[in-house]
Amino acid sequence: MKRDEILRQLREGVITVTFTKLNGDEREMDCTLNMGIIPKKAHPKTDGNYAEGVDTTIGAIKCYDVNAEGWRSFLMTNVKKVV
């Protein structure tokens with residue numbers, strides 16, 4: 001799946017992303033970029049494009065983990081499945 005499609009789905013609601021962490025462990029994360037789902041106290045402090053995430057040059061996406069209740073990121077190259 002392409003980055004733009006994952007970002008679109010994140011903006012629409014909660015999706016489950018399965019990816020390999022940098023330490024080699026596999027992780028499944030329920031995440032979103034939908035501000036209606038993210039608690040107000042966790043909203044970004046700037047008006048910047050939070051959906052672009054960590055940095056497109058390293059191929060990462062920053063998103064809100066609804067279970068851990070915090071911002072996390074994953075590398076596109078490590079994504080195994082998106083539901």
Intermediate values then yes/no, side chain to side chain contact (heavy atoms under 4.5 Å, CB included), E26 and K80:
CA-CA 9 Å; E26 189 171 289; K80 296 191 174 262; 3.3 Å; yes
Apply side chain to side chain contact (heavy atoms under 4.5 Å, CB included) to residues V14 and C31 and explain how you reach the verdict.
CA-CA 5 Å; V14 177; C31 49; over 6 Å; no
Report the C-alpha separation of L22 and N78 in whole Å, then their side-chain angles, then the decisive distance to 0.1 Å, and conclude whether the side chain to side chain contact (heavy atoms under 4.5 Å, CB included) test is met.
CA-CA 9 Å; L22 293 178; N78 294 349; 4.2 Å; yes
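Considering OG1 of T16 and CD of Q9, their distance stands at 10.5 Å, rounded to 0.5 Å. Separating the CG atom in L33 from the CD1 atom in I6 is a distance of 11.0 Å, to the nearest 0.5 Å. Interatomic distance, CD1 of I37 versus CD of E12, reported as 10.5 Å (0.5 Å rounding). With rounding to the nearest 0.5 angstrom, the NZ atom of K21 is 14.5 Å from the CZ atom of F74. Note that the SG atom of C63 and the CG atom of D30 stand 10.5 Å from one another [nearest 0.5 Å].
Of all non-hydrogen atoms in M1 and M76, the two that sit nearest each other are O-CE, 3.6 Å. The two residues M29 and D65 make their nearest non-hydrogen contact at CG-OD2, 3.4 Å.
With sequence neighbours excluded, the residues satisfying side-chain contact (heavy atoms from CB on, under 4.5 Å) with E69 are Y64. For E28, there are no salt bridge (charged side-chain N to carboxylate O under 4.0 Å, His left out) partners, not counting sequence neighbours.
In terms of modelled atom types and a separation under 3.5 Å, the side chain of R3 and the main chain of A60 share a donor-acceptor contact. With W71 contributing its side chain and A42 its backbone, the two residues share a donor-acceptor pair below 3.5 Å.
Here the side chains of I38 and T32 are in contact, with some heavy-atom distance below 4.5 Å.
Note on R8 versus E5: salt bridge recorded, some NZ/NE/NH1/NH2 to OD/OE distance being below 4.0 Å.
Tracing side-chain contacts under 4.5 Å through hydrophobic residues (I, L, V, M, F, W, Y), one never reaches L75 starting from I15; they form parts of separate clusters. Under the 4.5 Å side-chain heavy-atom criterion for ILVMFWY residues, a single connected hydrophobic cluster contains both I61 and V79.
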